[in-house]
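Reviewing the structure listed below.
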Amino acid sequence: MIKIADKTVKQPYVSVNGEWRSVKKESVMVGGEWKTVWEKKATYTINIYRYGTLYQTLTCTEGDSIKLPSIGSGYATSPSSTTISYSNGATITPTSNMDLYTVFTYYVYLYKYGSSYKTLSAKSQGSTAVFTLPSASVDSDDNAFYGWAVSSGSTSKSYNGGSSYSLSTCWLYAVFSYYTYTGQKSASTTAQTSGDSSSTQSLTASLTNPLPGSSWSATVQEWTPNQVTYPISSNLTSGTGYAVNYIPKDYSSPTGAVGSGTSITIVSSYTPSGGAFTEGALTSHQYSGETNDTRKTVYKYSYLKADIKYTTYTSKTLAYRSSK
């Protein structure tokens, strides 16, 4: 048996017609059979792109592994992709030349009234990513969302809610509009439900320039229909008259707060009582005996009537704030 000593073979060369040429494969005869003792391996190039520009080039011999550098969030294999195929610091064994594109993750931190509201994230191969900014929800004592400021406490908006912008990682602060009110004073009004319907209904009132968030109070009475009869007599006629009057009684004393509108609900649901009543008169002529009947059936129902007290104002001015 012939034993071949282990050896490290570097790139061998041969002279062909006086010219040295590199050898791709070297073999020896062992027991009448050619055995490969050295074969040239391919060298692969890994191009790392950052922000669209070649940033670093790595080389790797076929069959060997190489560790990728830690840049951004990882690497995509296409210049238009944000899908990460290789993570930072990953060890890979290339089988061909490679072009890798650094993907970055950017964050937009949104704050509302000084507290964290939402965090947005987006990936990009560039120095910015596209973000669609939301509109922040409005608290009851603010009028509307105004926009996003770039510094805490600022009332100058730089970005609108619902719009898209190219941004890198940043912190944004919600700005809201609200009103300041002058000429505040006490006011009163009345309201009532319909006395011509038996349908269930609500008792509402329309207020003039009510101060939002202020309190109101009401005194509500229920007016109930009542049948009345009375005699009719004179020198010429006699008979009976019929009428309907209403009798009041206490119903409730609700209170509440004014919202953003000018209407308030005092009683949410009221079902009237009542029905058919007689109105008119039955009279007869004293001498001729001629009769005159104007009686008729009418339908009358109870209703609610309210006296409301609230706070009104003279004028309002729009202002802005990002903190309370």
Side-chain angles (χ1 to χ4, degrees), residues 112-113 135-146 155 174-230 242-280 296-324:
K112 174 184 171 183
Y113 300 132
S135 295
S137 57
V138 179
D139 284 3
S140 59
D141 52 351
D142 279 328
N143 175 62
F145 173 73
Y146 180 56
T155 58
V175 180
F176 298 91
S177 64
Y178 68 101
Y179 286 104
T180 59
Y181 299 89
T182 59
Q184 299 179 27
K185 61 182 180 180
S186 297
S188 62
T189 189
T190 60
Q192 71 178 57
T193 61
S194 171
D196 298 323
S197 172
S198 62
S199 300
T200 299
Q201 53 197 288
S202 62
L203 175 60
T204 61
S206 180
L207 309 181
T208 301
N209 289 346
L211 181 66
S214 63
S215 60
W216 58 263
S217 62
T219 300
V220 183
Q221 287 186 310
E222 182 180 35
W223 292 74
T224 305
N226 179 54
Q227 181 72 71
V228 177
T229 61
Y230 57 91
Y242 301 90
V244 180
N245 67 2
Y246 279 83
I247 301 174
K249 65 177 181 179
D250 291 341
Y251 184 82
S252 65
S253 300
T255 59
V258 177
S260 58
T262 59
S263 178
I264 60 172
T265 298
I266 301 167
V267 177
S268 60
S269 179
Y270 172 69
T271 302
S273 61
F277 295 86
T278 301
E279 282 188 341
K296 62 180 179 179
T297 299
V298 296
Y299 293 87
K300 300 290 184 179
Y301 302 94
S302 62
Y303 62 89
L304 299 181
K305 184 176 181 180
D307 294 312
I308 305 109
K309 293 182 179 180
Y310 66 101
T311 301
T312 187
Y313 65 88
T314 301
S315 63
K316 63 181 181 180
T317 303
L318 193 64
Y320 300 93
R321 62 185 170 198
S322 61
S323 60
K324 294 184 178 179

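Each residue takes its place number in the sequence, starting with 1. Just so we're clear, the structure is a prediction, and the values are computed from it rather than from any experiment.
- Put simply, the residue from I264, V258, T311 that forms a side-chain contact (heavy atoms from CB on, under 4.5 Å) with P210 is V258.
- Between the side chain of T312 and the backbone N or O of T208, at least one donor-acceptor pair lies under 3.5 Å.
- Interatomic distance, L207 CG to T262 OG1, rounded to the nearest 0.5 Å: 7.0 Å.
- A side-chain donor-acceptor contact under 3.5 Å links T193 to the backbone of L304.
- Counting heavy atoms from C-beta outward, Q192 and T190 have side chains that stay 4.5 Å or more apart.
- Taken to the nearest 0.5 Å, the OG1 atom of T255 stands 13.0 Å off from the CD1 atom of I308.
- Counting heavy atoms from C-beta outward, S202 and S269 have side chains that stay 4.5 Å or more apart.
- Side chain of Q227 to backbone of A243: a donor-acceptor contact under 3.5 angstrom is found.
- Cation-pi geometry between K300 and F277 is not satisfied (NZ or CZ under 6.0 Å from the ring centre, within 45° of the ring normal).
- Residues T182 and S315 bring a donor and an acceptor atom of their side chains to less than 3.5 Å of each other.
- Side-chain atoms of Y246 do not come within 3.5 Å of backbone N or O of E222 as any donor-acceptor pair.
- Tested against P254, the residues T265, I266, L203 include a single side-chain contact (heavy atoms from CB on, under 4.5 Å) partner, I266.
- Scanning all heavy atoms of the two residues, the minimum distance from A174 to S322 falls at O-CB, 3.1 Å.
- Without hydrogens or angle criteria, Y310 side chain to L211 main chain gives no donor-acceptor distance under 3.5 Å.
- How far OG1 of T314 is from CG of N209: 8.0 Å, rounded to the nearest 0.5 Å.
- In terms of heavy atoms, P225 sits closest to G274 at CG-CA, 4.2 Å.
- Ring orientation note: the planes of F176 and F145 are nearly perpendicular, at an angle over 60° on the 30°/60° scale.
- For T317 (side chain) and T180 (main-chain N/O), no donor-acceptor pair under 3.5 Å exists by modelled atom type.
- Ring pair Y251/Y270 is perpendicular by interplanar angle, where above 60° counts as perpendicular and below 30° as parallel.
- One distance of note links OG of S268 with CD of Q201; it measures 12.0 Å at 0.5 Å rounding.
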CA sep, side-chain torsions, deciding dist, call: Y301, Y303, side chain to side chain contact (heavy atoms under 4.5 Å, CB included): CA-CA 7 Å; Y301 302 94; Y303 62 89; over 6 Å; no
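- The two residues P272 and S199 come nearest to each other via the heavy atoms CD-O, 3.3 Å.
- In this structure, the side chain of S177 does not engage the main chain of N143 through any donor-acceptor pair within 3.5 Å.
- With contacts defined as side-chain heavy-atom distances shorter than 4.5 Å, the pair V228/Y242 does not qualify.
- A donor-acceptor pair is defined here as one N or O able to donate and one able to accept, closer than 3.5 Å; such a pair exists between the side chain of K112 and the backbone of S137.
- Side-chain atoms of T278 and K296, non-hydrogen and from C-beta on, never get closer than 4.5 Å to each other.
- One finds the OG1 atom of T155 at 8.0 Å from the OH atom of Y146 (value rounded to the nearest 0.5 Å).
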